[in-house]
There are 2 protein chains.
Amino acid sequence: MVLSKSCDYGLRAALFLAASEREESFVSISEMAKALGLSFHFLTKILQTLTRKGLMVSTKGPHGGVRLARPADSINLMDIVIAIDGPRLLNECVLGLNGCSDQHPCPLHRQWVSIRSGITELFNQSTLKSVAQRIAEGSYRLIDLIEEPEKKV
Amino acid sequence: MVLSKSCDYGLRAALFLAASEREESFVSISEMAKALGLSFHFLTKILQTLTRKGLMVSTKGPHGGVRLARPADSINLMDIVIAIDGPRLLNECVLGLNGCSDQHPCPLHRQWVSIRSGITELFNQSTLKSVAQRIAEGSYRLIDLIEEPEKKV
DNA sequence: CTTAATTCAGACAAGTTTGTCTTAAATTAG
DNA sequence: CTAATTTAAGACAAACTTGTCTGAATTAAG
């Protein structure tokens, strides 16, 4: 798992907001949870983190909810990932060695740095807007096909 | 975390064996655990998995231990990864959507498939021997620099 | 045969992530 | 002001991963 589940959910919610074409108004978390097939309470907790980190703005009461704090083309996926999972992804060793670096590399360090920079580039270059546009085109989805993931027998 | 800790440890142990230049003889798990700075009991459990999966051979009693079941150039990292973490890595969606595929892609699917194939290619093309050789050259390491990883304050 | 060394098996504990629930606080509408 | 709606906060539980321990089984050596 490259991203935690919390991070997956946070990204899906952020993309849902960006794709909702209602950037001005607040969308309730329960509506989002329903649309995305996620636990309301769990999503609430995750979005609280994003609100605390300044990526979203929330308001309580009727017609309350959350919205993106900035235009969707000024937030990229890496912002969300770092807010939820921290900078782990940026410098983690593929063999889990702490202190792995150019100076003290593990035997896979060079190759892994290359792959990792591909990942960070993807998250850095993808804005919520650019990704949401693909969703709006209708050919991409944000919700699970199957409710319960198949477990091993 | 791309690989579980168990998988990290299993890979390190397998590479340790491949780099030990004692392919014929058995190496005790306690010796390996000591050398790699890992918990003996935990490593034992992981290596039992690799033994059950046919990647290692073990023998009990004095001078017992484990060794690679096949020559180090016929085992690649992917063999170890799949034995321990399962095929998760091969088809997992970056947004955690189950059923994500070319037919039902998430909005990052195309880019992620490309990155993922880079990862699988790395693990497929890296044999224990090829990686162990780099270790034997002395410029790469398999053990943690710092014992206790720093926790967030 | 006895003893020591070692893996095997599985119970158990600790830690982390994921998910649920309840109550409080804030906001809006009447 | 009151009631309804919604997020905020945090306790708690469930599930999974990681780590520890004990005893059994096997092997080698004397």
Side-chain angles (χ1 to χ4, degrees), chain A residues 1-13 17 25-34 36-69 84-86 88 96 98 144 147-149 151-152, chain B residues 1-13 17 25-34 36-69 84-86 88 96 98 144 147-149 151-152:
Chain A
M1 231 169 303
V2 171
L3 305 175
S4 69
K5 277 197 170 193
S6 295
C7 193
D8 286 342
Y9 297 169
L11 283 171
R12 295 188 213 170
L17 285 178
S25 62
F26 290 93
V27 177
S28 83
I29 300 178
S30 63
E31 177 188 336
M32 264 193 286
K34 209 170 181 181
L36 295 170
L38 303 177
S39 147
F40 163 67
H41 287 290
F42 194 35
L43 184 57
T44 295
K45 202 187 291 189
I46 294 163
L47 296 188
Q48 278 170 19
T49 301
L50 293 180
T51 299
R52 270 197 302 272
K53 299 275 182 175
L55 292 170
M56 292 187 181
V57 175
S58 71
T59 184
K60 296 175 183 175
H63 310 116
V66 300
R67 62 172 172 78
L68 299 175
I84 298 178
D85 277 351
R88 204 188 59 175
N98 76 59
D144 272 347
E147 280 305 307
E148 291 296 306
K151 292 286 174 182
K152 32 189 153 177
Chain B
M1 230 171 302
V2 172
L3 305 175
S4 69
K5 277 198 170 191
S6 294
C7 193
D8 286 342
Y9 297 168
L11 283 171
R12 295 189 212 169
L17 285 177
S25 63
F26 291 92
V27 177
S28 83
I29 300 178
S30 63
E31 176 188 337
M32 264 193 287
K34 210 171 181 180
L36 296 171
L38 303 177
S39 147
F40 163 67
H41 287 290
F42 193 35
L43 184 58
T44 296
K45 201 187 290 189
I46 294 163
L47 296 188
Q48 277 170 18
T49 301
L50 294 180
T51 300
R52 271 197 302 271
K53 299 275 182 173
L55 292 169
M56 293 188 180
V57 175
S58 70
T59 184
K60 298 175 182 174
H63 310 116
V66 299
R67 62 171 172 80
L68 298 175
I84 298 178
D85 277 352
R88 206 188 57 175
N98 75 60
D144 272 349
E147 280 304 307
E148 291 297 305
K151 291 287 174 183
K152 31 188 153 175

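In what follows, chains carry the letters A, B, and so on, assigned in the order in which the sequence lines appear, proteins first and then strands, with residues in each chain numbered from 1. Basis for what follows: all heavy atoms, side chains included, without hydrogens, waters or symmetry-related copies.
Side-chain N or O atoms of A:Asn98 include none that pairs as donor or acceptor with a backbone N or O of B:Asp144 at under 3.5 Å.
Residues B:Leu47 and B:Tyr9 fail the side-chain proximity criterion, which asks for heavy atoms closer than 4.5 Å. Side-chain contact between A:Ile46 and A:Thr49: absent, with no pair of heavy atoms (C-beta onward) separated by less than 4.5 Å.
Evaluation of the side chain to side chain donor-acceptor pair (under 3.5 Å) rule for A:Thr44 yields no partner, not counting sequence neighbours.
A:Ser4 and A:Ser6 share no side-chain donor-acceptor pair at under 3.5 Å.
Distance, A:Leu3 CG to C:dT17 P: 14 Å, rounded to whole Å. Between the CD1 atom of A:Ile84 and the P atom of C:dT16 there is a distance of 19 Å, given to the nearest Å. Put simply, NZ on B:Lys45 is 10 Å from P on D:dT20, counting in whole angstrom units. Summarising the geometry, the separation between CE on A:Met1 and C1' on D:dA15 is reported as 12 Å, rounded to the nearest angstrom. Atoms CD1 (B:Ile46) and P (C:dC8) sit 13 Å apart, rounded to a whole Å. Atom CE in A:Met32 sits about 11 Å away from atom C1' in D:dT7, given to the nearest Å. Atom pair B:Phe42:CZ and C:dA11:P shows a separation of 17 Å (rounding to whole Å applied). For A:Phe26 and D:dT6, the CZ to P distance is 13 Å, given to the nearest whole Å.
Applying the 4.0 Å criterion to OP1 and OP2 of C:dC8, one finds that B:Arg52 has every side-chain N and O outside that range. Between A:Tyr9 and C:dG19 there is a side-chain N or O to OP1 or OP2 distance below 4.0 Å. Between B:Ser6 and the phosphate of D:dT18, there is a side-chain N or O to OP1/OP2 separation shorter than 4.0 Å.
With hydrogens and angles left out, the side chain of B:Lys5 and the base of C:dT16 share no donor-acceptor pair within 3.5 Å.
In this structure, CZ in A:Arg12 is found 13.5 Å from CE in A:Met32, a value given to the nearest 0.5 Å. Taking CD from B:Gln48 and OG1 from B:Thr51, the interatomic distance works out to 7.5 Å, rounded to the nearest 0.5 Å.
Taking the nucleotide of DNA chain D with the nearest heavy atom to each of A:His41 and B:His41, the more 5' of the two is matched to A:His41.
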Set out, line by line, the N/O atom pairs under 3.5 Å between protein and nucleotides 1-7 of chain C.
unit_1: C:dT6; atom_1: O4'; unit_2: B:Gly61; atom_2: O; d: 3.4
unit_1: C:dT6; atom_1: O2; unit_2: B:Gly61; atom_2: N; d: 3.4
unit_1: C:dT7; atom_1: OP1; unit_2: B:Ile29; atom_2: N; d: 2.6
unit_1: C:dT7; atom_1: O3'; unit_2: B:Ser58; atom_2: OG; d: 3.1

